[in-house]
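The block underneath contains the structure these notes are about, expressed in structure tokens.
Not measured: the values here are computed from a predicted model.
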Amino acid sequence: MKSAVETLNPTRVRLTVEVPFEELKDSLDAAYKKINQQVTVKGFRKGKIPARVIDQRFGRGAVLEEAVNDALPKFYTEAVNEAEVNPLGQPEVDIKELKDGELLAFTAEVDIRPAIEIPDFSGIEVTVDAVEVTDEDVEKSVEQLRERFASTNPVERAAAEGDVVTLDLEAKVDGEVLPDGVAEGVSYTIGSGELLDGIDEAVTGLEAGGEATFTSQLKGGSAEGKDAEVTVKLSAVAARELPELDDEFAQMASEFDTLDELKADSRKRLENMKQFDQATQAQERVLDELLKLVEVPMPEKLLEDEINTRKHNLEHHQLGQMGLNLEKYLELQGKTEDEFLAETKEQAEKGIKTQFILDELVNREKLNVSQEELTEHLMRRAASSGMSPDQFAQAVVEGGQVPMLVGEVARGKALAVVVEAAKVVDTNGEAVDLEDDEAETEAAAETVEAVTGGTEAAEEKNEG
């Protein structure tokens, strides 16, 4: 077999391949065998029809077509390996010549991973938020815990903000009660904003047995978006009582004996959370600076596929689960379809560019993924998916997605290398030390995953 490669542009090549006819022998034999199993000829047992009879009855052309279709993937793969290119997706194949007994010649055009030159990135500098936990932060955290241990007691007085009231609701549009506009025994905390606009003002000041009517735009249901006349009846008022902030509360709400110990633990947890947020911020900003440094030619077909994949996933998975369609989603977001498509294109380009650059770094730095790193990543992905680790692992294996997970971890390690080389300071001018440990690598993998959004089109094509 002879092959040659022609670069059409930085992201597309044309392979020209010539195959001596004798190299089609195995595929021709397989074609005769396949046709033998599919047809019957009087006077011959099934599977025992001679080749010359098949040629006479069904045409030599049919056999050649079957043989070429069988052989093309093998010859294409050999040509790709010989040319040392990294194809993305399926090629466009054109048979140029097929001479029986002499020659098969074809061309294959395919998108490829562009060659990327990564410059020195050690000069990257970014500023991130300082890790500062105030007394107010601690008090707010303890107050949230206190709220979880609040109790309610019935009271005989007018309802006020913070009270828990029991309500019956009836909604009318154009004087007609909606089929889904009646609810009884609804528990609602005044001021929580969890029900209809205007309900807080309507029920504040009412006592048990009281009634009020107000107008509100409906947020869901059969008359979503329409103004409704809502009648609310109060059947009970209960006051929320918070436990005293003392050592007894600390013992009830935590494993600590004193309130001071509880507050110290809250401060430590808040510091850890802010340190994680700081690390994520550093990774995102370093990645943005890295993307500015590197020129990446964009394969047009790959970009088109990625945009379509992201749009499909949003419409048929994320929005479907929320009971929304794209039109309603754009209305809620205050965006036009053109703005949405432009934004999706920008995100897709960033995802593909990130993947290409970090994959190049993985190869350049010879970064490997250990079984332990892969397992840790799998456990995190399982937790975020709501599946058990065993269920998630089985789904990954059955779906052939192990290489995808390995790629996510490897790219996280590549980003960690860049972050380690960068200068990171906080808003106080203090140097931030982001150690390249397992937790840092896993956090970097999360950052990359968020930016690439799975970059499914590129992932699938890279494996294809």
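- By the 6.0 Å contact criterion, CD on Gln144 is enclosed, its count of non-hydrogen atoms from other residues, nucleotides or ligands being greater than 12.
- Considering NE2 of His377 and CD of Glu408, their distance stands at 4.0 Å, rounded to 0.5 Å.
- Ionic pairing of Asp137 and Lys274 is present here: one or more N-O contacts between side-chain nitrogen and carboxylate oxygen are shorter than 4.0 angstrom.
- Heavy atoms of other residues, nucleotides or ligands lying less than 6.0 angstrom from NZ of Lys335 number more than 12.
- Environment of CE in Met273: sparse, with no more than 12 heavy atoms of neighbouring residues, nucleotides or ligands closer than 6.0 Å.
- Using modelled atom types, one side-chain atom of Gln391 and one backbone atom of Ser388 make a donor-acceptor pair closer than 3.5 Å.
- Gly191 approaches Asp200 most closely through the heavy-atom pair N-OD1, 3.1 Å.
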With side-chain hydrogen bond (donor to acceptor under 3.5 Å, both in side chains) as the test, would you mind laying out the steps for Gln278 and Asp129 before giving the verdict?
CA-CA 6 Å; Gln278 185 190 63; Asp129 295 337; over 6 Å; no

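- Between the side chains of Ser3 and Glu82, at least one donor N or O lies within less than 3.5 Å of an accepting N or O.
- Gln333 CD: more than 12 foreign heavy atoms inside a 6.0 Å radius.
- By the 4.0 Å N-to-carboxylate-O rule, Lys311 lies close enough to Glu315 to be salt-bridged with it.
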CA sep, side-chain torsions, deciding dist, call: Asp257, Asp247, side-chain contact (heavy atoms from CB on, under 4.5 Å)
CA-CA 6 Å; Asp257 293 326; Asp247 292 346; over 6 Å; no

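- To the nearest 0.5 Å, the span separating OG1 on Thr447 from CD on Gln281 amounts to 11.0 Å.
- Remark: the backbone N or O of Thr127 is paired with a side-chain donor or acceptor of Arg285 at under 3.5 angstrom.
- With respect to Arg380 and Glu449, a salt bridge is recorded, a charged nitrogen being found less than 4.0 Å from a carboxylate O.
- Under the 4.0 Å criterion applied to side-chain N and carboxylate O atoms, Lys413 and Glu365 are not assigned as salt-bridge partners.
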Let me see the working for Leu195 and Val186 under side-chain contact (heavy atoms from CB on, under 4.5 Å), right down to the final yes or no.
CA-CA 10 Å; Leu195 274 179; Val186 176; 4.1 Å; yes

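- Annotation for Ala348 and Glu306: closest pair CB-CG, 3.6 Å, computed over non-hydrogen atoms.
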Could you go through Leu28 and Phe21, starting from their C-alpha distance and side-chain angles, then the distance that decides it, and tell me whether this counts as side-chain contact (heavy atoms from CB on, under 4.5 Å)?
CA-CA 10 Å; Leu28 274 169; Phe21 201 81; 3.5 Å; yes

May I have the step-by-step check of side-chain contact (heavy atoms from CB on, under 4.5 Å) for Leu15 and Tyr76, ending in yes or no?
CA-CA 8 Å; Leu15 299 165; Tyr76 166 71; 3.9 Å; yes

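- Ion pairing between Glu143 and Arg146 holds under the 4.0 Å rule for side-chain N and carboxylate O.
- With salt bridges taken as basic N to acidic carboxylate O contacts below 4.0 Å, one links Asp359 and Arg113.
- From Phe249, atom CZ reaches atom CD of Glu244 across 11.0 Å, with rounding to the nearest 0.5 Å.
- Lys301 has no carboxylate O lying under 4.0 Å from a charged side-chain N of Glu304, or vice versa, which leaves the two without a salt bridge.
- Considering CZ of Phe121 and CD1 of Ile357, their distance stands at 11.0 Å, rounded to 0.5 Å.
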Mind running side-chain hydrogen bond (donor to acceptor under 3.5 Å, both in side chains) on Thr258 and Asp260 for me, showing each step along the way?
CA-CA 5 Å; Thr258 68; Asp260 287 343; 5.4 Å; no

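- Distance check: Ile95 CD1 to Asn69 CG gives 8.0 Å after rounding to the nearest 0.5 Å.
- Salt bridge annotation for Arg269-Glu271: absent, with no cationic side-chain nitrogen under 4.0 angstrom from a carboxylate oxygen.
- At a cut-off of 3.5 Å, with distance as the only test, a side-chain donor of Thr11 or Asn9 sits close to an acceptor on the other residue.
- Under a 4.0 Å N-O distance rule, the pair Glu300/Arg12 does not qualify as a salt bridge.
- The 12-atom threshold is exceeded at CD of Glu109, counting heavy atoms of other residues, nucleotides or ligands nearer than 6.0 Å.
- Contact check on Asp265 versus Lys263 returns no salt bridge, with no Lys/Arg side-chain nitrogen under 4.0 Å from an Asp/Glu carboxylate oxygen.
- A 6.0 Å sphere centred on NZ of Lys328 holds more than 12 heavy atoms belonging to other residues, nucleotides or ligands.
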